[in-house]
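Comments concern the structure below.
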Amino acid sequence: MVRVRFAPSPTGYLHIGSARTFIFNWLFARRHGGTMILRLDDTDVERNTQASVDSIFDGLKWLDLSWDEYYRQSDRLQMHTEAAEAILAKGLAYRDFTPMTQPSDDKPNEGGAAWLCNPEMRELSKDESDRRAAAGEPYVIRYRVPRDAGRVVTFTDEVYGEQSKSTADIEDFALLRSNGLPTYHMASCADDADLRISHIIRGQDHLTNTFKHVLIFEALGYEPPKFAHLPLLIAPDGAKLSKRRHGPVVSVTTYRDAGFLAQAYVNFLCLLGWSPKDDREKLSREELVAVFGFEGVNRSNAVVNFSDEDPIDAKALWLNSQHLYAMTIQELAAALKPVLEGAGYTVEDDYLLKVAPLIQERIKTLNDAPAVADFFFLTELAPYDPAELIPQKGDAAMAARALDMAVSTLETAEFTHDGLDAALRAAAVELGVKAGQMFQPIRVAVCGRKNAPPLFETLEVLGRDVCLPRIRRAIELLK
RNA sequence: GGCGCUAUCGUCUAAGGGUUAGGACAAGGCCCUCUCAAGGCUUAAAUAGGGGUUCGAAUCCCCUUAGCGCUACCA
């Protein structure tokens, strides 16, 4: 039975790297008919915030990612503490009464040898330890990492393969803090054991921590789950993504607010550090579930490509456009409606259904829609430069003639794609100008700009009652 | 400093002993075309460096270099 968990600590917004970790867990669970667990690792009371919890839920909701079970570590503290006490009772851990060092002078062992343990505390007699604890002296419980036998801790990572580390290189890490709260290592392992997690899928920054976790599982008398570590997402400068250094690009809500489709963003994130091993780039959620596996996961960190000028990875944008093109008109219209309304336009469903196909392959994000489709919704066109009405290799007089001809043609033409096509082309021939020279002034008159969807469809959707006044107005502007 | 991990076009990646080292994004060009897109074709662009092993190495081994991670009573 596959049971996986995503265990963020609620100390910030939902980071895109965290989102990717959730997605890989989720994909793995869905692929194997397993259980997805969301667990808030909130043992650090100093740094947890409700705002962060909200941001995590917000982000996951937008990405449309679900979970089957939900826990908070803060609700399970007693179990963690008991687990730590049990390890102490077994003699596999000991009390360390060393006063907490000041957080200010904490450059970790810079230049020096690795800190392993304080032998005085490690070798404290049980009587002495019990006496001092009973007297109320504060202490932390440390794991007594086996040192004598030259032991090597090993595990097999599903992504990184065989891993081993000598216990001589593992320090006596803390299990329980002097305030009685468990450390991350303790709480995480106790929960993973208690929740019968089958696969721990998490960032590679935990790869070396895993040796400690294997030791804890062992002390707990629990067979360690399988581990799969994921390469990290990093910035173009090689540093890990941080809000302070890199800004909003690290937060998933940024992409939601930029008009991304959740499925496209999920697709993009999956392609960072994982590959389906064929040449597919655009994959639907179902396709991802069908092919996701650890064999496709890379071992080197992936760069999210952004810059100050282009804050969003170009490939993410391209993938989004691919998903946009793949949508049905109904789906597209539904996604577009709130965006268009947000821009202040009144949007009728039937009308939107006709507009949507015309802008579908002209937008890369939903947010592009208001600018691309404005003339479909504006009662009065925004001011434009009348010079735009003048076609290539033409002059104002030619533009005026074309527009005059357009008016008379459109007064009687059948307002369908084919009808307009035939009528306007015939008009161009009659005028003795190229089709493009005829169409360009009309396009600008009707759309207010040179770049727009194909003319006949556009006129058809807009209708005669909107087109004729706009063209007459353009003729005025030309004078 | 110690320990661990990693290294293919600018970026995401494929190839895991024998390939002209493939694809995608981005960039350039051409085609299509009523503009813009979309689409098609195309150009440029990579195995970090050095040693081995082998008939043959991007691929296996070692060293160097670089990057990242861990080295907290953070997670």
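Chain letters run A, B, ... following the sequence lines, proteins first and then strands; every chain starts at 1. Bear in mind that the values here come from a model prediction, so they are computed numbers and not experimental data.
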Among the nucleotides B:rC36, B:rG23, B:rA38, whichever has the atom closest to the side chain of A:E281 is B:rG23
Measure from the side-chain heavy atoms of A:A314 and tell me the nearest of B:rC74, B:rA26, B:rC34.
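Nearest to the side-chain atoms of A:A314, counting from C-beta on, is B:rA26.
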Report yes if at least one side-chain N or O of [X] is closer than 4.0 Å to OP1 or OP2 of [N]; otherwise report no.
X: A:N48; N: B:rC74; answer: no
X: A:K282; N: B:rA24; answer: no
X: A:K277; N: B:rA15; answer: yes

Can you list every pair that meets side-chain hydrogen bond (donor to acceptor under 3.5 Å, both in side chains) and has a residue in residues 291-317 of chain A, with sequence neighbours left out?
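For residues 291-317 of chain A, and leaving out neighbouring residues, the side-chain hydrogen bond (donor to acceptor under 3.5 Å, both in side chains) pairs sorted by first residue read A:E281-A:K315.
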Worksheet item: Which pairs, with at least one residue in residues 434-447 of chain A and sequence neighbours excluded, count as a side-chain hydrogen bond (donor to acceptor under 3.5 Å, both in side chains)?
Response: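 Counting only pairs at least two positions apart or across chains, the side-chain hydrogen bond (donor to acceptor under 3.5 Å, both in side chains) contacts touching residues 434-447 of chain A are A:Q440-A:R443.
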Practice item. Round to a whole Å and report the spacing from CZ of A:R202 to P of B:rG69. Key: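 In whole Å, B:rG69 P lies 16 Å from A:R202 CZ.
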TODO: Please say whether the positively charged group of A:K212, taken as NZ for Lys or CZ for Arg, lies over the ring of A:Y143, i.e. under 6.0 angstrom from the six-membered ring centre and within 45 degrees of the axis.
DONE: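 That pair does not qualify as a cation-pi contact.
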**Asked** If you look at every strand shown and take non-hydrogen atoms under 4.0 Å, does A:N298 touch a base, only sugar-phosphate, or nothing?
**Response**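 Sugar-phosphate, no base atom in range.
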### Task
Indicate, with a heavy-atom threshold strictly under 4.0 Å, whether A:P99 touches base, sugar-phosphate, or nothing.
base
side-chain hydrogen bond (donor to acceptor under 3.5 Å, both in side chains) partners for [X], two or more places apart:
X: A:R76; value: A:D191, A:D194
X: A:D237; value: A:R245, A:H246
X: A:Q392; value: none
X: A:R95; value: A:S129, A:D130

A:T21 meets the side-chain contact (heavy atoms from CB on, under 4.5 Å) criterion, sequence neighbours left out, with A:F6, A:N25, A:L230
Quiz item: Salt bridge or not for A:R5 and A:D41, using N-O below 4.0 Å?
Solution: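 A salt bridge is absent here (no side-chain N lies under 4.0 Å from a carboxylate O).
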With the criterion being N/O to N/O and under 3.5 Å, what pairs connect the protein with nucleotides 39-41 of chain B, and how long is each?
none

Using the [atom1] atom as the reference point in each nucleotide, state the distance between [N] and [M] in Å, no decimals.
N: B:rA48; M: B:rC9; atom1: P; result: 7 Å
N: B:rC73; M: B:rG10; atom1: P; result: 43 Å
N: B:rA72; M: B:rU13; atom1: P; result: 31 Å
N: B:rA27; M: B:rC68; atom1: P; result: 29 Å

query = Pick the nucleotide of RNA chain B nearest each of A:T98 and A:I234; which residue has the one closer to the 5' end?
reply =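 Looking at the nearest nucleotide for each, A:I234 comes out on the 5' side.
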Short heteroatom pairs, N/O only, protein and nucleotides 3-6 of chain B, under 3.5 Å:
from	atom 1	to	atom 2	distance (Å)
B:rC3	O2'	A:K165	NZ	3.4
B:rC5	O2'	A:Q204	NE2	3.3

Record whether the side chain of A:N209 comes under 3.5 Å of the base of B:rA75 through a donor-acceptor pair of N or O atoms.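 Per atom types, the contact qualifies.
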- Any N or O donor-acceptor pair linking the side chain of A:K315 to the base of B:rA24 at under 3.5 Å? yes
